[in-house]
Novice: 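Got a structure here, written out as structure tokens. Questions coming.
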Amino acid sequence: MAQREAMEYDVVVVGAGPAGLAAAIRLKQLAAQNAREIGVCVLEKGSEVGAHILSGAVMDPRSIGELIPDWQALGAPLNAPVSEDRFLFLTQGGSLKVPGWMLPSCFRNHGNYVVSLGNVCRWLGKQAEGLGVEIFPGFAATEVLFRDDGAVRGVATGDMGIGRDGKPTAAYQPGMELHARYTLFAEGCRGQLGKLLEERFKLRDAADPQVYGIGLKELWEIQPQHHQKGLVIHTAGWPLANDTYGGSFFYHLENNQIAIGFVVGLAYSNPYLSPYEEFQRYKTHPAIWPFLARGRRIAYGARAIAAGGLQSLPRLVFPGGALVGDDAGFLNASRIKGSHAAMKSGMLAAEAAFAALGAGRSHDELGDYPEAFRASWLHDELHRARNFKPWMAKGLALGTVMVGVDQVLFRGRAPWTLHHGHADHETLQTRQEASPIDYPKPDGTASFDRLSSVFISNTNHNEDQPPHLTLRDPSVPIKVNLELYDAPEQRYCPAGVYEFVKNDDGSDRLQINAANCVHCKTCDIKDPTQNIVWVAPEGGGGPNYPNM
């Protein structure tokens with residue numbers, strides 16, 4: 001195979017989400033303010049900036065206001081200010097609306113905006129390029145490069161044109177090496193390289209286990225009479241059981257579009273639970289379906305969410321680089337918001353890297369970054385939210401009461417901190433301990449099957465490439481997952497990737513339909529023996545989300 005070429009930069013950023021783009025923009029802003037030249041590039045595995053971005057999303061404009069104070073004049077796509085908050089507790093046939101005066105501040109969204117985070121990232125990408133940042137979409141960083149002293153030297157992109165058999169095809173192109181004095185990892189939740197760095201540098205040794213949710217989302221165009229621009233609805237309760245963490249979001253964008261979605265905490269115990277099916281039946285609720293009636297579903301996607309909060313943050317820095325955004329886990333679960341936190345973390349890391357470059361340093365630890373975080377409003381916000389997820393993990397009834405005590409009575413400053421005791425893959429009951437769940441068949445109007453949903457995610461992978469979903473031990477799916485848990489991967493995957501089929505002799509085997517994968521990473525998180533490994537496929541592969 002041909003030797004890889006190398007490119008040199010001062011800072012390489014892996015991932016063109018809100019954290020990575022904010023970091024790149026801040027670096028170039030500081031360079032311009034100080035009349036210095038620094039080389040900054042951003043790698044993005046999606047086919048374009050925003051292609052793999054999926055979020056609710058209600059956006060707190062605090063960070064974008066700090067980063068680009070004139071964002072409104074520059075046309076940032078924050079066009080739907082929140083006009084009303086509603087919070088509903090659902091039963092199977094009814095709903096209870098929480099009076100506005102009873103809502104904790106974390107559920108109040110005055111001053112925030114309903115956005116497509118993908119479009120916000122596309123706009124941020126243009127601002128970054130205008131400042132001289134080089135952005136390379138369609139190039140997945142698949143390898144961390146290290147110096148002889150163990151410090152991160154940069155990253156390499158994956159080879160292109162490798163066949164399913166692992167051999168180069170006629171379209172073969174070797175990957176590129178990108179060397180940097182500092183490398184910022186902003187891959188989003190459960191980043192492939194971030195996970196490797198956490199293990200190599202023992203970044204999680206003093207942290208709680210990270211805990212996750214899976215967020216499923218659809219974009220609909222609804223009838224004008226059902227639309228209220230800026231309306232924000234959240235629900236808890238049905239269809240989930242009391243002991244399962246989760247809830248819905250229902251956001252009214254502009255142009256008669258709504259973003260509707262469902263989040264299920266991945267610490268759930270029943271192996272028969274299907275987050276996808278829970279989402280589909282949620283839409284049939286009499287408090288929800290009237291909004292959607294005679295509407296049209298436009299897009300679908302899914303993504304894992306790092307929800308552990310402050311207790312689960314790893315050490316952020318290591319020789320030669322840092323973790324930012326959801327690669328570290330900066331989401332504020334109580335506010336159901338992460339984009340402002342991701343951007344702020346990227347800005348803080350950029351400021352630390354710029355100072356280090358100015359001092360002639362390279363490949364060491366950016367100690368100013370975690371110090372600046374601890375002194376920031378972001379740390380204060382996450383500290384006030386730190387008990388939300390642990391309380392809600394104790395069940396809807398107890399959790400609601402105790403979150404009220406924590407957030408209303410103590411205003412997030414209770415004299416205790418709860419902790420996450422288990423990783424999500426450790427929580428499944430066996431098939432003998434659990435009760436199957438009878439999900440209704442999709443009706444094609446409110447609820448839909450997985451394959452039709454994957455179709456409107458615009459997911460595309462080169463069929464002739466090495467599989468990006470691999471098994472450490474091919475025998476485990478049958479001997480462990482099927483035998484003990486009745487194959488939960490065929491239910492927790494929101495894209496129909498994992499399918500158990502019969503061989504000619506009647507025995508079972510796992511068929512992995514990797515072409516369906518929407519890169520949510522749920523399998524990498526929830527597989528009970530951590531036997532499934534997700535890695536980035538050939539650059540540009542995966543979903544192509546419009547307006548998500």
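Along the sequence shown, the residues carry numbers beginning at 1.
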Novice: How about H461 and H519: are their ring centroids closer than 6.0 Å?
Specialist: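 Centroid distance H461-H519: below 6.0 Å, so yes.
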Novice: How are the rings of H234 and F87 set to each other: parallel, tilted or perpendicular (split at 30° and 60°)?
Specialist: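 Geometry flag for F87 against H234: tilted rings.
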Novice: Assign the ring pair F279 / F262 to parallel, tilted or perpendicular, where the plane angle (0 to 90°) is split at 30° and 60°.
Specialist: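 The arrangement is parallel - the two ring planes meet at less than 30°.
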Novice: Do H425 and Y212 meet the criterion of a side-chain donor-acceptor pair at a distance under 3.5 Å?
Specialist: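 Result is no, nothing qualifies.
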Novice: Would K526 count as a cation-pi partner of Y268, with NZ or CZ less than 6.0 Å from the six-membered ring centre and within 45° of the ring normal?
Specialist: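 Checked: cation-pi criterion met.
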Novice: Would you say the side-chain atoms of D524 pair up with the backbone N or O of W534, donor to acceptor, closer than 3.5 Å?
Specialist: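 Here the side-chain-to-backbone pair exists.
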Novice: For D60, which of K344, R335, K337 qualifies under side chain to side chain donor-acceptor pair (under 3.5 Å)?
Specialist: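 The option that passes is R335.
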Novice: Can you spot which of L197, V13, V324 makes a side chain to side chain contact (heavy atoms under 4.5 Å, CB included) with F185?
Specialist: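 Single pass found, and it is L197.
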Novice: Between F500 and Y498, is the ring centroid distance below 6.0 Å?
Specialist: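 No; Y498 has its ring centre 6.0 Å or more from that of F500.
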Novice: Closest heavy-atom contact between I135 and G125?
Specialist: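 Heavy-atom minimum between the residues: CD1-O, 3.6 Å.
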Novice: Mark yes or no for whether Q530, through its side chain, and D527, through its backbone, hold a donor-acceptor pair below 3.5 Å.
Specialist: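 Confirmed, Q530 side chain pairs with D527 backbone.
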Novice: Would you sort out whether K283 and E218 count as a salt bridge (Lys or Arg N to Asp or Glu O under 4.0 Å), showing the intermediate values?
Specialist: CA-CA 11 Å; K283 289 180 291 175; E218 293 175 353; 2.7 Å; yes
Novice: So, the side chain of N513 versus the backbone of N516: is there a donor-acceptor pair under 3.5 Å, distance only?
Specialist: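 No, because the side chain of N513 does not come within donor-acceptor range (under 3.5 Å) of the backbone of N516.
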Novice: Within 45° of the ring axis of Y439 and under 6.0 Å from its six-membered ring centre, is that where the NZ or CZ of R281 lies?
Specialist: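 Checked: cation-pi criterion not met.
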Novice: Please report the C-alpha distance between R450 and E277 in whole Å, then the side-chain angles of each, then the deciding distance to 0.1 Å, and finally whether the salt bridge (Lys or Arg N to Asp or Glu O under 4.0 Å) criterion is met.
Specialist: CA-CA 9 Å; R450 281 177 171 82; E277 302 293 351; 3.3 Å; yes
Novice: Please say which of Q311, H419, H422 ends up in a side chain to side chain donor-acceptor pair (under 3.5 Å) with D208.
Specialist: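 When side chain to side chain donor-acceptor pair (under 3.5 Å) is applied between D208 and each of Q311, H419, H422, only H419 qualifies.
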Novice: Quick check on K195: does its NZ atom have over 12 non-hydrogen neighbours (other residues, nucleotides or ligands) under 6.0 Å away?
Specialist: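 Check passes, neighbour count above 12.
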Novice: Go through M343 and L67 one step at a time and tell me if the side-chain contact (heavy atoms from CB on, under 4.5 Å) criterion holds.
Specialist: CA-CA 9 Å; M343 290 181 68; L67 181 66; 3.8 Å; yes
Novice: Is there side-chain contact between N481 and E489, with heavy atoms separated by less than 4.5 Å?
Specialist: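 Touching, per the 4.5 Å side-chain cut-off.
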Novice: Tell me if the aromatic rings of Y276 and Y300 count as close, with their centers under 6.0 Å from one another.
Specialist: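 Yes.
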Novice: Is the F291 ring parallel, tilted or perpendicular to the H252 ring (thresholds 30°, 60°)?
Specialist: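 Plane angle over 60°, so perpendicular.
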